[in-house]
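Right, one structure below, let's go through it.
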Amino acid sequence: MEKETRFKFESTQDADTLRRYLEAITAGFASGELRLGSREGEVVLHPAGMLGFLVEAKSMGGRMKLHLKFSWRESSEQDDGDDALTIAPGTQTP
């Protein structure tokens, strides 16, 4: 059994930097490998098969929050999934 590896990074970034991070995550899903690293360490993930997906959005008193979570097992059985979610960019430009 492989030992547990954890990675956590928290900071404040501008929207363009976050867009580039999301594009890198998308490319990692497409290639089957995600590498996340900082001065604290690195973790390599291999997304494959059916992935769990959670999205949560909140708006309270001018404070906004978007939480995305992906999860999977190294060897997972296929599942039908649920394609009822839609995500689209807004029309507002910076």
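Please read these numbers as outputs of a predicted model, since none were measured by experiment.
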> Are there more than 12 heavy atoms of other residues, nucleotides or ligands under 6.0 Å from atom CD of Glu40?
Replying inline: no

> Checking side chain to side chain contact (heavy atoms under 4.5 Å, CB included) for the pair Leu54/Phe70: CA distance, chi angles, key distance, verdict?
Replying inline: CA-CA 7 Å; Leu54 170 88; Phe70 304 92; over 6 Å; no

> Quick one: are Glu10 and Lys8 in side-chain contact, heavy atoms under 4.5 Å?
Replying inline: yes

> Taking atom OG of Ser71 and atom CZ of Phe53, what is their separation to the nearest 0.5 Å?
Replying inline: 10.5 Å

> Going only through I, L, V, M, F, W and Y residues with side-chain contacts under 4.5 Å, is there a path from Tyr21 to Val43?
Replying inline: no

> Looking at side-chain heavy atoms only, is the closest gap between Leu22 and Arg19 below 4.5 Å?
Replying inline: no

> Can you tell me how far the NE2 atom of His46 sits from the CH2 atom of Trp72, to the nearest 0.5 Å?
Replying inline: 10.0 Å

>> Would you compute the distance between atom CG of Leu36 and atom OG1 of Thr5 and round it to the nearest 0.5 angstrom?
In response: 12.0 Å

>> With a 4.5 Å cut-off on side-chain heavy atoms, are Glu42 and Arg35 touching?
In response: yes

> Which distance, rounded to the nearest 0.5 Å, do you find between the CG of Leu34 and the CZ of Phe7?
Replying inline: 11.5 Å

> When rounded to the nearest 0.5 angstrom, what distance separates NZ in Lys58 from CG in Leu66?
Replying inline: 11.5 Å

>> Do Val44 and Glu33 make a side-chain contact, defined as non-hydrogen atoms from C-beta onward lying under 4.5 Å apart?
In response: yes

> In Å and rounded to the nearest 0.5 Å, what is the CD to CG distance from Glu74 to Leu45?
Replying inline: 9.5 Å

>> Tell me whether Val55 shares a hydrophobic cluster with Leu51, the cluster being built from Ile, Leu, Val, Met, Phe, Trp, Tyr side chains joined at under 4.5 Å.
In response: yes

